[in-house]
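Everything below concerns the one structure shown next.
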Amino acid sequence: MNNLIKLLQNNEKVVVYSKLFCNTNIDIFIAKQLCYIIEHELKGIFHLAAEDVINHKDFYNELTMGLGFNNARIEENFGEEGYFALLSKRYNEFPEGLRLMNKSVINHLIRR
């Protein structure tokens, strides 16, 4: 986040990957999710990320606009072959308060 803000303030380009679909998370939610796993002595593999996916370019567009950088220099990298996304097959691993969507990650980052 610090690097992104520095790039934006210096009017430098931000490189995004248009073929990348991702789900995001923030350190605060990861810590809460890990505490929940430890406190409830849960076992297995957990998907510690947003329950939805978002295009990398769209994520950065929403984030930069939300931060007030309406004229950010976003540069798309089309050099990657194919498309990439990571999805979990497990659902409802956490109670409602510990689940998040990419939009809530963006909102949290904008308010920080």
Side-chain angles (χ1 to χ4, degrees):
M1 208 37 205
N2 292 335
N3 188 44
L4 174 63
I5 291 172
K6 180 181 172 187
L7 290 173
L8 294 169
Q9 288 173 338
N10 293 329
N11 197 32
E12 295 180 44
K13 66 182 175 186
V14 176
V15 178
V16 297
Y17 299 89
S18 299
K19 294 181 181 180
L20 174 64
F21 291 82
C22 55
N23 41 21
T24 60
N25 204 338
I26 49 178
D27 53 356
I28 295 168
F29 265 90
I30 292 172
K32 289 178 181 181
Q33 291 168 332
L34 288 174
C35 284
Y36 181 84
I37 291 169
I38 293 166
E39 288 171 358
H40 291 86
E41 299 180 11
L42 302 177
K43 307 263 187 260
I45 298 170
F46 295 87
H47 184 72
L48 302 179
E51 294 182 350
D52 61 336
V53 295
I54 188 169
N55 180 276
H56 192 253
K57 177 186 173 187
D58 294 339
F59 178 81
Y60 274 90
N61 279 335
E62 286 186 41
L63 184 56
T64 56
M65 295 284 280
L67 290 169
F69 293 93
N70 300 335
N71 296 319
R73 293 180 51 209
I74 305 290
E75 180 180 301
E76 296 181 59
N77 181 331
F78 293 104
E80 300 296 322
E81 301 258 342
Y83 290 84
F84 178 76
L86 177 63
L87 299 171
S88 176
K89 292 185 179 187
R90 295 174 67 170
Y91 296 100
N92 299 323
E93 295 177 298
F94 298 105
E96 186 66 35
L98 294 179
R99 289 188 240 151
L100 72 158
M101 304 296 272
N102 287 299
K103 186 66 175 171
S104 58
V105 170
I106 292 168
N107 290 337
H108 177 82
L109 293 171
I110 290 168
R111 290 190 309 258
R112 72 176 204 109

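Predicted model only: the values in this text are computed from it and were never measured. Hydrogens, waters and symmetry mates are skipped; everything else that's a heavy atom, side chains included, is used.
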Would you be so kind as to tabulate the donor-acceptor pairs closer than 3.5 Å made by side chains of residues 28-36, with sequence neighbours excluded?
| residue | atom | partner | partner atom | Å |
| --- | --- | --- | --- | --- |
| Gln33 | OE1 | Asn25 | ND2 | 3.1 |
| Gln33 | NE2 | Leu98 | O | 3.0 |

Sequence neighbours left out, cut at 3.5 Å: what donor-acceptor pairs do the side chains of residues 71-79 make with other protein atoms?
| residue | atom | partner | partner atom | Å |
| --- | --- | --- | --- | --- |
| Arg73 | NH1 | Asn11 | O | 2.8 |
| Glu75 | OE1 | Lys13 | NZ | 3.3 |
| Glu76 | OE1 | Ser18 | OG | 2.3 |
| Glu76 | OE2 | Lys57 | NZ | 2.9 |
| Asn77 | OD1 | Gly79 | N | 2.7 |

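Annotation: side chain of Ile54 is not in contact with side chain of Asn23 (no heavy-atom distance under 4.5 Å). Side-chain contact between Val16 and Phe59 is absent, with no heavy-atom pair separated by less than 4.5 Å. Side-chain contact between Leu8 and Thr64 is present, with at least one heavy-atom pair separated by less than 4.5 Å. Residues Glu62 and Lys103 have side chains in contact (heavy-atom distance under 4.5 Å, counting atoms from C-beta outward).
Between Asn102 atom CG and Asn107 atom CG the span is 11.0 Å, to the nearest 0.5 Å. Put simply, CZ on Phe69 and CG on Leu4 are 8.0 Å apart, with the number rounded to the nearest 0.5 Å. In this structure, the separation between OG1 on Thr24 and CG on Leu109 is 7.5 Å, given to the nearest 0.5 Å. Distance check: Leu48 CG to Ile37 CD1 gives 5.0 Å after rounding to the nearest 0.5 Å.
With hydrophobic clusters built from ILVMFWY side chains whose heavy atoms lie under 4.5 angstrom apart, Val14 shares a cluster with Val105. Residue Leu20 is grouped with residue Val15 when hydrophobic side chains (ILVMFWY) are merged at heavy-atom distances under 4.5 angstrom, including chains of intermediate members. At a threshold of 4.5 Å between side-chain heavy atoms, the hydrophobic network of Ile, Leu, Val, Met, Phe, Trp and Tyr places Ile26 and Tyr60 in one connected group.
Look at Glu12 and Lys6 and you find no salt bridge, because none of the NZ, NE, NH1 or NH2 atoms lies under 4.0 Å from a carboxylate O.
Here the closest non-hydrogen pair linking Ile110 and Leu67 is CA-CD2, 4.0 Å.
Every residue two or more places apart in sequence or in another chain that forms a salt bridge (charged side-chain N to carboxylate O under 4.0 Å, His left out) with Glu96 is listed here: Arg99.
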